[in-house]
Every structure is written in C-alpha cells, then in structure tokens.
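What follows is a set of notes on a single structure, which appears directly below.
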Amino acid sequence: MIVPLEQNIDIEYLSAQFEMTGGSIKNAVLTALFLATGQKQKCSMTHILKAIKQKLQKQGKILLPYDFGKYENLF
C-alpha cells in the first residue's frame with residue numbers, strides 16, 4: 001500500500017510534542033495511513049494527530065485540544 005503524504009507534515013513538532021516508544025510511533029503511523037486511505041486522501045497532520053490521540057488514549061492518557069499546541073484547531 002502506498003499512501004502519499006501532504007507536504008506540510010511537521011516532523012519537528014511531532015518529535016518534540018509527544019513522548020512515544022518506537023512501537024507506539026509505528027502503530028500511530030499505520031493508523032494514520034489507514035485513516036487517510038479510508039477517506040481517499042493524502043496522509044496529513046490531521047490524520048497523524050488523530051492517530052496519536054487514539055494511541056495515547058489507549059494507554060490511558062487523557063488529551064485535550066490544548067495538548068496539541070499550535071494544532072489544537074484540528075480537534
């Protein structure tokens with residue numbers, strides 16, 4: 001499966017904002033790709049952040065919009 005990425009993926013923000021293990025990162029990326037594919041869209045920051053939110057909530061962490069800093073408007 002090849003899923004194109006939007007140009008505006010903010011890797012620096014993602015690496016600084018969230019503490020996740022390698023396995024959690026992999027699972028979040030796969031979830032984001034499936035979300036994008038299901039919507040027939042390129043994978044965007046919105047897909048990635050929604051996937052991160054899902055993964056962290058499964059770990060028992062409660063995330064509010066302000067936890068996403070400059071991307072809180074996506075929620």
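These numbers come from the heavy atoms of this one structure, side chains and all, not from hydrogens, waters or symmetry mates. Quick caveat, the model's predicted, so the values are computed rather than measured.
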Answer with yes or no whether the hydrophobic clustering places [X] together with [Y]; edges join I, L, V, M, F, W, Y residues whose side-chain heavy atoms lie under 4.5 Å apart.
X	Y	answer
V29	I11	yes
V3	I48	yes
M20	L35	no

Would you indicate whether the side-chain heavy atoms of [Y] and [X] approach each other to under 4.5 Å?
X	Y	answer
H47	Q41	yes
Q7	K42	no
I52	L56	yes
Q57	I62	no
T46	Y71	no
L14	L49	yes

Taking atom [atom1] of [X] and atom [atom2] of [Y], what is their separation to the nearest 0.5 Å?
X	Y	atom1	atom2	result
K53	F18	NZ	CZ	10.5 Å
S44	L5	OG	CG	9.5 Å
Q17	K70	CD	NZ	9.5 Å

State whether D67 and K61 are salt-bridged, where the test is any N-O pair (Lys NZ or Arg NE/NH1/NH2 against Asp/Glu carboxylate O) under 4.0 Å. no
Tell me whether the centres of the aromatic rings in Y13 and F68 are closer together than 6.0 Å. no
Identify the heavy atoms of A51 and A28 that sit nearest to each other, and give their distance. CB-O, 3.1 Å
Which heavy atom of I9 sits nearest to which heavy atom of C43, and what is that distance? CD1-O, 3.7 Å
Would you say CG of L64 has more than 12 non-hydrogen atoms from neighbouring residues, nucleotides or ligands within 6.0 angstrom? yes
